[in-house]
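Report on the structure given below.
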Amino acid sequence: MAEHVENLDPEGESLMEKIADKFHGDDSSSSSDSDTETKKPAAKTEVEEAAEPSSLKSKIWRLFGREKPVHKVLGGGKPADVILWRNKKKSATVLGGATAIWFFFELLEYHLLTLICHILIITLAVLFLWSNATTFINKKPPHIPEVPLPEGPILQVASALTIEVNRALALLREIASGKELKKFLAVIAGLWVLSILGSWCNFLTLFYISFVLLHTIPILYEKYEDKVDPLAEKAMHEIKKQYAVFDAKVLSKIPRGPLKDKKRE
């Protein structure tokens, strides 16, 4: 009997081992399922991490703190289309006309009144001769259209100029009151640069150079803004550092008037 029991024990152990193996197999399958379930959120986080750079790109530092595209910053209308060369024919025509005006006034040394008088002389002479010649040829005289000046665009331009002049006067008044030191230094530096440029060339040449830059710099910036903005950001940080040093060493030592003390009282 003892031998029979000893012979049965290995079989029982083998059966128990098979049952244990089955349970372990179920546990391993459930653990693998749980592992796959835990891996799914990891896959989602990887997708979210892949989507994060696109959201970060939208928050890149832009020049002058702008949040809109260059076209909308310039107004988003026909002037912006001309400046950004959306219509190449119109942009080339405008730039060519400005170049022709600069060529006449600067290189040929024409004056505005002289040019207007010469254009009127030629136009009136051609129309007068044409009208008299039609009586001998028995043809209809040329139709000279009326050219009235529209009031709407002229009033819009005048109102826009008035708004800009008032803003400039308000800014100058604010600077003269001694409240904004940064604006004061910026305006002084800008006027100093303009005075140097004015000594190099006259107003017409300076206006023409500004007009050409207006038709070249915005389109180049729009094309290479992803490269220009990081460089501009570094430059702005460096300027702020230098201004902080200048403020600590020079500006903070300048005695201020009693305006702030009176305001506090």
Side-chain angles (χ1 to χ4, degrees), residues 54 57-124 126-127 142-168 171 190 193-194 197-198 200-233 235-236:
S54 62
K57 287 181 181 178
S58 61
K59 297 180 181 179
I60 293 176
W61 186 89
R62 294 298 182 186
L63 194 61
F64 303 117
R66 64 178 182 86
E67 295 180 355
K68 299 179 181 179
V70 180
H71 188 267
K72 290 186 178 180
V73 171
L74 295 175
K78 292 182 179 180
D81 293 338
V82 173
I83 292 173
L84 295 175
W85 293 76
R86 295 288 192 268
N87 191 337
K88 294 183 179 180
K89 290 183 179 180
K90 289 184 179 179
S91 300
T93 302
V94 171
L95 189 59
T99 304
I101 292 172
W102 177 78
F103 178 79
F104 274 110
F105 288 126
E106 187 65 22
L107 297 182
L108 299 181
E109 295 182 354
Y110 256 101
H111 297 285
L112 180 61
L113 183 60
T114 304
L115 181 62
I116 292 173
C117 290
H118 286 175
I119 291 173
L120 289 175
I121 288 170
I122 294 171
T123 304
L124 290 174
V126 170
L127 292 174
H143 176 68
I144 302 173
E146 296 182 359
V147 187
L149 291 176
E151 295 182 0
I154 293 175
L155 293 176
Q156 289 178 359
V157 172
S159 63
L161 288 175
T162 303
I163 292 171
E164 294 300 328
V165 170
N166 288 331
R167 285 180 181 176
L171 179 62
V193 171
L194 285 177
L197 293 175
W200 291 348
C201 56
N202 57 13
F203 178 76
L204 180 63
T205 303
L206 183 61
F207 180 78
Y208 175 69
I209 292 171
S210 302
F211 192 81
V212 173
L213 292 176
L214 183 63
H215 280 74
T216 53
I217 291 178
I219 187 172
L220 291 175
Y221 172 70
E222 186 183 33
K223 188 176 181 180
Y224 300 104
E225 61 179 345
D226 293 334
K227 296 180 181 178
V228 173
D229 287 337
L231 296 176
E233 185 179 8
M236 290 299 295

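Starting from 1, each residue takes its place in the sequence as its number. Computed from a predicted structure; not experimentally measured.
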Next item on the list: Answer with yes or no whether the side chains of Tyr221 and Asp229 bring together a donor and an acceptor at under 3.5 Å.
Entry: yes
Calculate, to the nearest 0.5 Å, the distance between atoms [atom1] and [atom2] belonging to [X] and [Y] respectively.
| X | Y | atom1 | atom2 | value |
| --- | --- | --- | --- | --- |
| Leu95 | Leu214 | CG | CG | 10.0 Å |
| Leu197 | Ile209 | CG | CD1 | 8.0 Å |
| Leu206 | Phe211 | CG | CZ | 14.0 Å |
| Ser210 | Ile217 | OG | CD1 | 9.5 Å |

Item checked: Pairing residues for Thr123 by the side-chain contact (heavy atoms from CB on, under 4.5 Å) criterion, not counting sequence neighbours ->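 Counting only residues at least two positions away or on another chain, Thr123 forms a side-chain contact (heavy atoms from CB on, under 4.5 Å) with Ile119, Leu127.
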Under 3.5 Å, sequence neighbours excluded: what are the donor-acceptor pairs made by side chains of residues 73-87?
residue : atom : partner : partner atom : Å
Asp81   : OD1  : His71   : NE2          : 2.6
Trp85   : NE1  : His215  : O            : 2.8
Arg86   : NH1  : Glu222  : OE1          : 3.4
Arg86   : NH2  : Glu222  : OE2          : 2.9
Asn87   : OD1  : Lys89   : N            : 3.4

Notebook entry, point to check: Where do Thr162 and Ala158 come nearest, in terms of heavy atoms and distance?
Noted result: OG1-O, 2.7 Å
Checklist line | Heavy-atom closest pair, residues Tyr208 and Thr99 | finding: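 Looking at all heavy atoms of both residues, the shortest contact is OH-OG1, 2.9 Å.
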Notebook entry, point to check: Is the backbone N or O of Lys88 less than 3.5 Å from a side-chain atom of Ser91, with the two atoms forming a donor-acceptor pair by type?
Noted result: no
Using a 3.5 Å cut-off and no angle test, enumerate the donor-acceptor pairs between side-chain atoms of residues 104-111 and protein atoms at least two apart in sequence or in another chain.
residue : atom : partner : partner atom : Å
Glu106  : OE1  : Asn202  : ND2          : 2.9
Glu106  : OE1  : Thr205  : OG1          : 3.4
Tyr110  : OH   : His118  : ND1          : 3.3

